[in-house]
Amino acid sequence: MKELDWANLSFGYMPTDYNVRCYYRNGSWGEVEVCSDEYLKMHMAATCLHYGQEAFEGLKAYRGADGKVRVFRMKDNAERLQRTCRGILMPEFPVEKFEEMVKKVVRLNQEYIPTYESGATLYIRPLLIGTGPQVGVRPATEYAFIIFVTPVGPYFKGGFHSNPYIIMREFDRSAPLGTGTYKVGGNYAASLKANSIAHERGYASEFYLDAKEKKYIDECGAANFFGIRNNTYITPKSTSILPSITNKSLMQLAEDLGMTVEQRPVGEEELATFEEAGACGTAAVISPISYIDDSETGKRYSFGDTPGPWSTKLYNKLRGIQYGTEPDVHGWTTVVIE
Ligand SMILES: *Cc1c(COP(=O)(O)O)cnc(C)c1O
């Protein structure tokens, strides 16, 4: 293993030894290739560069307390990528091949998988791009699927804690019938400005209401939202939300822990009734919310300065499964290195 200060790594890019690639040409996906080049050469008229034909995924490999390395729900990531492909007219990448490539790239770079104690992990980034040239707005005929990995530090450096968010109605992330439900780069370009302003104002992230009516909760920046009230886990349902695998897992664990789970439209006013609230996604698992400010009405919805009991319980449970210290009763993890 590399001698690195894993615990103080940020969420940045650090080069590793290998990435894996697969190309789509003449109507089919080719053989998996191992590559040590960080760069890719492509046509300047590639559709990913001009028309945003780009899809990505994000998952992690965790070195467990038992020394084994596990990846979390990679089949779900593979299936979500296929769904994104159908959404922006790219050829679907086969699920088994996705899984094979994830295992391969993790094993090839095992020197870079942080220690269990550090709380750091190996972030896995699959991306699929249209590489064939087009000048008119049409899908490409050639594609590249690449997976690279990079070690990332623990999300909570000072320990599990809560953060503030801000509602800014002057920005939308995605339209109700747009691409918000797909994991595509374009949604992120649309969020960069709002995110930068939220940071400047001292918030962890911007908080989106639905773009059409500005009445319902959509997402917390690039994470799903949940609220907890009266032993009930409540998370929004909308056509512009990205279906988070972390959120799906938390819903299952909430049910396992005896909570009631509701997935339905959640109006902004309901924020005033939650005892706990959080953002959820692969990066943090749960990032508890201290308060949400509404920049237009001046209202502040508060959920406590420290993580609540249910959020803490759910966080520990899910992390325990990822690190192999809790039983994986749903079969969510795959041991990649024994
Ligand atoms: C990736 C992503 C999430 C989180 O999904 P996970 O599968 O839990 O990591 C949430 N919202 C958006 C917009 C995303 O792109």
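Source: prediction; values computed, not measured. Atoms within each ligand, like the ligands themselves, are counted from 1 in listed order.
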Students should be able to answer this: which protein heavy-atom is nearest to [atom], and at what distance?
| atom | answer |
| --- | --- |
| atom 11 (N) of ligand 1 | Glu219 OE1, 2.7 Å |
| atom 9 (O) of ligand 1 | Thr282 OG1, 2.6 Å |
| atom 4 (C) of ligand 1 | Ser244 CB, 3.7 Å |

**Report entry** Arg80 heavy atom under 4.0 Å from ligand 1
**Finding:** yes
Query raised in the report: Is any side-chain heavy atom of Ser240 closer than 4.5 Å to a side-chain heavy atom of Thr181?
Result: no
Query raised in the report: Would you call Val20 and Glu33 a side-chain contact if the rule is heavy atoms closer than 4.5 Å?
Result: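 Answer no - side chains too far apart.
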Query raised in the report: Heavy-atom contacts under 4.0 Å between Ala223 and ligand 1: side chain, backbone, both, or neither?
Result: backbone
Requested in this report: Under the ring-ring contact (aromatic ring centres under 6.0 Å, His included) rule, what do Tyr23 and Trp29 come out as? Steps first, then yes or no, please.
Outcome: CA-CA 6 Å; Tyr23 300 98; Trp29 289 103; 8.8 Å; no
Query raised in the report: What atoms of ligand 1 come closer than 4.0 angstrom to any heavy atom of Arg173?
Result: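 Answer, ordered by atom number: 13 (C).
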Requested in this report: From atom 10 (C) of ligand 1, work out which of Gly281, Gly58, Ala222 has a heavy atom at the shortest distance.
Outcome: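 Ranked by closest heavy atom to atom 10 (C) of ligand 1, first place is Ala222.
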Query raised in the report: Between the candidates Lys183, Lys60, Glu57, which shows the shortest non-hydrogen contact distance to atom 2 (C) of ligand 1?
Result: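 Comparing heavy atoms across Lys183, Lys60, Glu57, the nearest one to atom 2 (C) of ligand 1 lies in Lys183.
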Requested in this report: Using distance alone, decide if ligand 1 has a nitrogen or oxygen within less than 3.5 Å of any nitrogen or oxygen in Asn247.
Outcome: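 No; the residue has no nitrogen or oxygen that sits under 3.5 Å from a nitrogen or oxygen of the ligand.
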Query raised in the report: Looking only at distance, does Ile245 have an N or O less than 3.5 Å from an N or O of ligand 1?
Result: yes
Query raised in the report: Between Arg73 and Leu59, does a side-chain contact (heavy atoms from CB on, under 4.5 Å) hold up when you go through it step by step?
Result: CA-CA 8 Å; Arg73 303 194 80 166; Leu59 63 163; over 6 Å; no
Query raised in the report: Can you tell me how far the CG atom of Asp172 sits from the NZ atom of Lys212, to the nearest 0.5 Å?
Result: 13.0 Å
Report task. Could you grab the distance from atom CD of Gln322 to atom OG of Ser249, nearest 0.5 Å is fine? Result ->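 One finds 8.0 Å between CD of Gln322 and OG of Ser249.
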Query raised in the report: For atom NZ of Lys313, is the number of surrounding heavy atoms from other residues, nucleotides or ligands below 6.0 Å larger than 12?
Result: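 No.
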